[in-house]
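Here's the structure we're looking at; comments come further down.
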There are 2 protein chains.
Amino acid sequence: MAYRKTGKVVAQLEANRTRILDAARALVFAGGFQAASMAAVAAKAGVATGTLYRYFASREALLLDVFRAISDVEMSRLEDIAAGPGLPAARLRDVVHGFASRAVRGARQAYSLLAEPLDGALAEERLAYRRRHAAIFERLIREAQAAGEVAAMDAHVTAAAIAGAIPSALTLHGPDNVPDADALSAAVLRMAGLDPHTDTSSSLEELSHDQSA
Amino acid sequence: MAYRKTGKVVAQLEANRTRILDAARALVFAGGFQAASMAAVAAKAGVATGTLYRYFASREALLLDVFRAISDVEMSRLEDIAAGPGLPAARLRDVVHGFASRAVRGARQAYSLLAEPLDGALAEERLAYRRRHAAIFERLIREAQAAGEVAAMDAHVTAAAIAGAIPSALTLHGPDNVPDADALSAAVLRMAGLDPHTDTSSSLEELSHDQSA
DNA sequence: CCAAACCCTGAACCATGGTTCATTTCATAA
DNA sequence: TTATGAAATGAACCATGGTTCAGGGTTTGG
C-alpha cells in the first residue's frame with residue numbers, strides 16, 4: 001500500500017469544492033450565470049481553470065449545482081409556508097406574497113433564476129424549478145376549492161399563470177424600477193379569486209428577513 | 001457615365017432581400033432564432049453567406065428584422081381589437097383572449113417570440129414587444145376603471161402580470177401539452193377582476209383564423 | 001529519503017459560428 | 001466588344017470561451 005487519502009486531505013478537497021462553488025455563486029449573484037465563466041470562477045476561487053475540472057465535470061455541471069443550491073433555498077421556503085398551518089386560501093396568499101416579496105427584494109438573483117437567458121441543462125433546471133412553483137400553487141388552489149374557499153377554476157392553468165406572472169412583472173419593469181410587492185401579489189392572487197390580505201401576515205415575517213443577498 | 005442601376009437590377013435586389021428575409025423567417029418558425037444561423041439562412045435562400053452581408057449589417061440586424069416582421073403582425077392584431085368598439089372591459093377581454101388563443105395556436109412561433117433564450121439586441125426587442133403588450137392592457141384597465149367596470153387596482157403591475165402570465169403558462173406546459181386557451185384567458189382575466197365571457201365573441205372570430213403559422 | 005499515487009497548474013487546444021475580402025461573375029453604357 | 005463598377009461567391013479568418021494534458025509539486029507509507 002502506497003497511498004491513502006488522509007483526513008486532512010479529504011477536508012482540503014471538500015474545502016476546495018466549497019470554495020469553487022462559493023466563487024461561482026458570488027459571480028452569479030453579481031452578474032448572472034453569464035458572468036460565471038470558468039476563467040472568472042477559477043480566478044475568484046484562487047485556483048487554476050484546470051482544477052475546476054477535478055471537482056466538476058463541466059461548466060454546465062458546476063452551474064447546475066449553483067442553480068440548485070440557490071433555488072433549493074427559495075423552494076423550501078415556499079414549501080414550508082405551503083405546508084404550514086392555516087386555511088388553504090390563507091396559505092396560498094402567504095406563498096404568493098412570499099414569492100413576490102422575495103423576488104422583488106432580491107431582484108438581481110431572481111433575474112438569474114427566473115429570467116436570464118439559459119441554454120441546455122440549465123434551461124431544463126429552470127423549467128423544473130418553475131414547475132415546482134406551479135405545483136405548489138396548484139395544490140393549494142385545489143385544497144381551497146375543496147374547502148369551498150374559492151370559486152371553480154382550472155387549477156392547473158391558473159397555477160401556471162401565477163408562476164409566470166410574478167417573474168415577468170419583475171423583468172418588464174427593469175432592474176431599477178422594481179414593482180411593489182404588495183401590488184404584485186394582490187394582482188396575482190386575484191387570478192385565484194382571492195382578495196389581498198392587508199395585514200403583513202404572520203408566517204411570512206420570520207421567513208423573509210435574512211439574506212436573500 | 002458608365003454604370004447606373006437599372007430598374008430590373010433594383011427589382012432583383014429587392015427580391016433577394018425578400019428571399020433572405022423569408023428564408024430566415026421560415027427557419028425561425030421551424031426551429032427558433034437559434035436555428036437561423038447565417039449558413040442555414042444562406043443555404044435556404046440560395047445565396048452565399050457573404051451575400052447576406054450585402055443586405056444586412058450583421059446576423060443580429062437580420063434577425064431583428066425578422067423579429068419585427070413577425071411581432072408587428074401580432075401586435076397590430078391586438079391593437080386593432082383594443083382600439084375597436086365596445087366597452088373597455090369587453091375589449092380587454094377580447095384582447096386577452098385573442099392573445100391567448102393566438103399564442104396557443106401558434107405555440108411554436110409564440111415560443112420564439114416570447115420565451116426562447118435571446119441575447120443582445122434581440123432580447124431588448126422582445127422586452128419592448130412585451131412592454132407594448134403590457135401597455136395595451138394597462139390602458140384598457142384604466143379605461144375600464146374610469147368607467148367603473150372593474151374595481152380599483154394597480155393597473156401598471158396588473159398589466160405586466162397579465163403580459164407575463166400567458167407566455168409562461170404556455171412554456172410551463174411544454175410544446176406538446178398546450179393549455180386550453182379559454183381556461184388560460186379566464187385565469188388571466190380574473191387578475192383584472194373580470195369574469196370570462198362564455199360566448200366566443202364577435203371581433204375575435206374574423207381576426208384569429210388565418211395563418212398564424 | 002524514496003517511490004507511488006495524486007493533485008494543481010496554465011498555456012495550448014479545439015469547436016462553434018459570425019464576419020471578411022480577394023476573386024469571379026454579371027450588368028451597364030459607350 | 002469592351003471597359004467599368006457593382007454584386008455574388010465561399011473559403012479563410014477570427015473571437016470567444018470551454019476543455020485538455022504534460023509538467024511540476026505534494027502527500028503518503030515504507
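Proteins come first, then strands; the chains are lettered A, B, ... in the order of their sequence lines, and each starts at number 1. When reading the values below, keep in mind they use all heavy atoms of this one structure, side chains included, and skip hydrogens, waters and symmetry mates.
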For [X] and [N], give me the distance from atom [atom1] to atom [atom2], rounded to whole Å.
| X | N | atom1 | atom2 | value |
| --- | --- | --- | --- | --- |
| B/Arg17 | D/dA7 | CZ | P | 14 Å |
| A/Glu14 | C/dC7 | CD | C1' | 16 Å |
| B/Arg54 | D/dA8 | CZ | C1' | 7 Å |
| A/Gln12 | C/dC7 | CD | C1' | 11 Å |

Please write out each protein N/O paired with an N/O of nucleotides 14-19 of chain D under 3.5 Å, distance rounded to 0.1 Å.
{"unit_1": "D/dG18", "atom_1": "OP1", "unit_2": "A/Arg59", "atom_2": "NE", "d": "3.3"}
{"unit_1": "D/dG18", "atom_1": "OP1", "unit_2": "A/Arg59", "atom_2": "NH1", "d": "3.3"}
{"unit_1": "D/dG18", "atom_1": "OP2", "unit_2": "A/Met38", "atom_2": "N", "d": "3.1"}
{"unit_1": "D/dT19", "atom_1": "OP2", "unit_2": "A/Tyr53", "atom_2": "OH", "d": "2.6"}
{"unit_1": "D/dT19", "atom_1": "OP2", "unit_2": "A/Arg59", "atom_2": "N", "d": "2.8"}
{"unit_1": "D/dT19", "atom_1": "O5'", "unit_2": "A/Tyr53", "atom_2": "OH", "d": "3.2"}

For the pair A/Arg126 and A/Glu116, find out whether any cationic side-chain nitrogen is under 4.0 Å from an anionic carboxylate oxygen.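 The answer is no: the pair does not qualify as a salt bridge.
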Inspect the contact between B/Glu79 and B/Arg132 and indicate whether a charged nitrogen and a carboxylate oxygen are less than 4.0 angstrom apart.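 Judged by the 4.0 Å cut-off on N to carboxylate O distance, B/Arg132 and B/Glu79 do not form a salt bridge.
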List, one per line, each side-chain donor-acceptor pair under 3.5 Å for residues 13-31 of chain B, sequence neighbours excluded.
{"unit_1": "B/Asn16", "atom_1": "OD1", "unit_2": "B/Arg19", "atom_2": "NH2", "d": "2.8"}
{"unit_1": "B/Asn16", "atom_1": "ND2", "unit_2": "B/Tyr55", "atom_2": "OH", "d": "3.1"}
{"unit_1": "B/Thr18", "atom_1": "OG1", "unit_2": "B/Glu14", "atom_2": "O", "d": "3.0"}
{"unit_1": "B/Arg19", "atom_1": "NH1", "unit_2": "B/Ala45", "atom_2": "O", "d": "3.0"}
{"unit_1": "B/Asp22", "atom_1": "OD1", "unit_2": "B/Arg25", "atom_2": "NH2", "d": "2.7"}

For A/Gln34, is the CD atom crowded, meaning more than 12 foreign heavy atoms sit under 6.0 Å from it?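 No, because the 6.0 Å sphere around CD of A/Gln34 holds 12 heavy atoms or fewer from other groups.
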A quick test of your reading: do over 12 heavy atoms of other residues, nucleotides or ligands sit less than 6.0 Å from CG of B/Asp72? yes
Just to be sure I understand the rule, does A/Phe56 reach a base, reach only the sugar-phosphate, or reach nothing, if contact means heavy atoms closer than 4.0 Å? nothing
N/O donor to acceptor pairs below 3.5 angstrom from side-chain atoms of residues 157-168 of chain B, sequence neighbours left out:
{"unit_1": "B/Thr158", "atom_1": "OG1", "unit_2": "B/Asp154", "atom_2": "O", "d": "2.8"}
{"unit_1": "B/Ser168", "atom_1": "OG", "unit_2": "A/Ala160", "atom_2": "O", "d": "3.4"}
{"unit_1": "B/Ser168", "atom_1": "OG", "unit_2": "A/Gly164", "atom_2": "N", "d": "3.2"}

Could you pick out which residue, A/Gly50 or B/Asn16, lies toward the 5' side of DNA chain D when each is mapped onto its nearest nucleotide?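 On the 5' side of the pair lies B/Asn16.
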Using a cut-off of strictly less than 4.0 Å, decide whether A/Tyr55 has a side-chain nitrogen or oxygen near OP1 or OP2 of C/dC8.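 It does, given that an N or O in the side chain of A/Tyr55 lies less than 4.0 Å from OP1 or OP2 of C/dC8.
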